[in-house]
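One structure below.
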Amino acid sequence: MASISLRGVQKAYGDGAPVIRNVDLEIGENEFCVFLGPSGCGKSTLLRMIAGLEDVTDGDLSIGGQIVNDVPAAQRGVAMVFQSYALFPHMSVFENMAFGLKLAKTPKDEIDRKVREAARILQLEALLERKPKALSGGQRQRVAIGRAIVREPGVFLFDEPLSNLDATLRGQTRVEIARLHKQFAKASVVYVTHDQIEAMTLADKIVLLHTGKDTERYGSIAQIGAPLELYHRPKSRFVAGFIGSPRMNFLPGKVASLDAQGVLVTLDHTGENVHVPVSGAGLQPAQAVTLGVRPEHLEFVDASANTSAVSPEDGVLARTVSLVEQLGEHSYVHLDQPGGAVLIAKAPGNTRLAPGDRANLRVPRTACHLFTEDGFAAASLESVEHYA
């Protein structure tokens, strides 16, 4: 078992700006930690630093309590599964899985036992004599995972291992990885992906990195937490917009008033009012803010009903339907927003809404988030929990 600790870790190439900035992170023993973020945010670079494939420019990186900044990759007790599988084409499945053990001069009978046990767990027993070219993408990925398993490392590192698979295989292999982590619970896992579904379903802890488009925060951590913590309590507009599919709706507005129960926001263009149960600390009347609400939290109100029957603490938005995406179990309804934007709301799969229809949407106060102009979230009042 091995914990991982990063203290003030930075990475820069030459005299350029850091691509990893001041990362402070603790990954516990047995923990499944996912590095998540858009392409170019530095998540694979951070993983390669843990693996020893990239040098640490500044700060301390520890594995199992030992600083490993200058320790070669082969001596760190980690095993890495690459996106490209990295299998030897001239070797059989058995030989690929046994390769690392042979380099370590492991006795032949122990190699045979470990490889066959890993093959049994990964359902590769019938494929041990095949070459990689005779395998499917999912089978090749399982061989790559098996090669890591037989080494019995303290840390498993996965670098976007499912990105080369089709949608069905991604789902199947994701389930296998989750099952394997439970079987090999003594090992910590660090997993890199840009797919939030993988992150939400696999992770004990998500580390979301800022996008490379944000030059001031590029390569730094946007938020760390359990999957549902990032979903329900994003600390910034960036986090709120990245976690969730479709992404959170953002509606520009201004602070109308503040009191002990929260902030009343008047939306730009429409003048609609929404009460948000967040702390008004640091806010001023007429200050520009952004209201955030997820598509699945908006609720359609019968257009013929008297909207005054809706709780006065909840807002009601009146919009025109522009598109309905019917996905079977549910639908996503796109509604025109003043200013040229689009509002998306989740509806039942059998919704009768059609383009051109007028719809009223209830905005539950406990589902609302508020972001200031600098992109940070206003703190929720302690007495109110967002949809959790």
Side-chain angles (χ1 to χ4, degrees), residues 34 36 38 162-163 165-175 178 193-203 206 208 226-234 237-251 267 270 272 274 276 290-305 307 309-311 313-338 340-369 371 385-388:
V34 173
L36 178 66
L162 309 185
S163 59
L165 305 181
D166 62 39
T168 301
L169 274 176
R170 275 203 305 273
Q172 294 173 351
T173 310
R174 185 173 70 239
V175 171
T193 184
H194 61 271
D195 186 331
Q196 60 174 290
I197 294 177
E198 288 179 33
M200 295 291 286
T201 55
L202 289 173
I206 291 177
L208 179 59
L228 291 181
E229 181 180 348
L230 269 66
Y231 177 83
H232 289 297
R233 299 174 184 83
R237 177 170 170 166
F238 169 74
V239 176
F242 193 85
I243 299 292
S245 181
R247 73 170 205 165
M248 182 180 287
N249 294 296
F250 296 114
L251 295 81
L267 300 183
T270 66
E272 295 159 325
V274 179
V276 188
T290 299
L291 175 74
V293 60
R294 296 195 182 279
E296 54 270 36
H297 293 159
L298 291 170
E299 300 175 11
F300 285 94
V301 179
D302 189 339
S304 63
T307 57
V310 176
S311 169
E313 294 183 338
D314 297 330
V316 176
L317 311 180
R319 299 289 185 272
T320 300
V321 176
S322 60
L323 173 70
V324 178
E325 292 182 283
Q326 294 179 320
L327 303 177
E329 179 187 3
H330 59 266
S331 299
Y332 286 115
V333 181
H334 296 236
L335 304 108
D336 288 333
Q337 270 281 98
V342 173
L343 184 75
I344 300 178
K346 187 176 181 180
N350 61 353
T351 181
R352 294 185 179 181
L353 288 169
D357 288 348
R358 193 69 173 167
N360 292 330
L361 299 111
R362 173 177 170 261
V363 187
R365 63 192 298 270
T366 53
C368 292
H369 302 262
F371 304 95
E385 290 290 331
H386 283 295
Y387 273 30

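Counting begins at 1 with the first residue of the sequence. Every heavy atom of this structure was used, including side-chain atoms; hydrogens, water molecules and symmetry mates were not.
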Which residues pass the side-chain hydrogen bond (donor to acceptor under 3.5 Å, both in side chains) test with Q196, not counting sequence neighbours? none
Measuring from T270:OG1 to Q337:CD, what's the distance to the nearest 0.5 Å? 7.5 Å
What residues, two or more places apart in sequence or in another chain, satisfy side-chain hydrogen bond (donor to acceptor under 3.5 Å, both in side chains) together with R174? T201
Using distance only, find each side-chain donor-acceptor pair of residues 327-334 under 3.5 Å and give its atom names and separation, not counting sequence neighbours.
from : atom 1 : to   : atom 2 : distance (Å)
S331 : OG     : P348 : O      : 3.4
H334 : NE2    : E325 : OE1    : 2.7

What are the two closest heavy atoms between T351 and A347, and how far apart are they? CB-CB, 4.1 Å
Do L361 and V316 come close enough that some side-chain heavy atom pair is under 4.5 Å? no
Provide the closest heavy-atom pair for R358 versus A318 in the form atom of the first, atom of the second, distance. NH2-O, 3.6 Å
Value rounded to 0.5 Å, distance of NE2 in H369 from OG1 in T290: 13.5 Å
Let me confirm one number: the CG-CG distance from L230 to L208, rounded to the nearest 0.5 Å. 6.0 Å
Are L162 and D195 packed together at the side-chain level, in the sense that at least one heavy-atom pair is separated by less than 4.5 angstrom? no
Shortest non-hydrogen contact between G244 and R294, atoms and distance: CA-NH1, 3.8 Å
CG-CG distance between D336 and L323, expressed to the nearest 0.5 angstrom: 10.0 Å
Counting only N and O atoms by type, is there a donor-acceptor contact under 3.5 Å from the side chain of N249 to the main-chain atoms of V293? yes
Heavy atoms from other residues, nucleotides or ligands near CD1 of I197 exceed 12 (cutoff 6.0 Å): no
Pairing residues for R319 by the salt bridge (charged side-chain N to carboxylate O under 4.0 Å, His left out) criterion, not counting sequence neighbours: E272
Closest non-hydrogen atom pair between G315 and V274, with its separation: CA-CG2, 4.3 Å
Checking F371 now: which residues fulfil ring pair (Phe, Tyr, Trp, His ring centres under 6.0 Å) with it, not counting sequence neighbours? F250
Compare every heavy atom of H297 with every heavy atom of A367, then report the nearest pair and how far apart it is. CB-CB, 3.6 Å
Rounded at 0.5 Å granularity, tell me how far CZ in F300 sits from NZ in K346. 12.0 Å
Hey, could you give me the CG/OG1 distance between L335 and T320, rounded to the nearest 0.5 Å? 8.0 Å
Please enumerate all residues that pass side-chain contact (heavy atoms from CB on, under 4.5 Å) together with A199, with sequence neighbours excluded. V34, L36, T193, I206
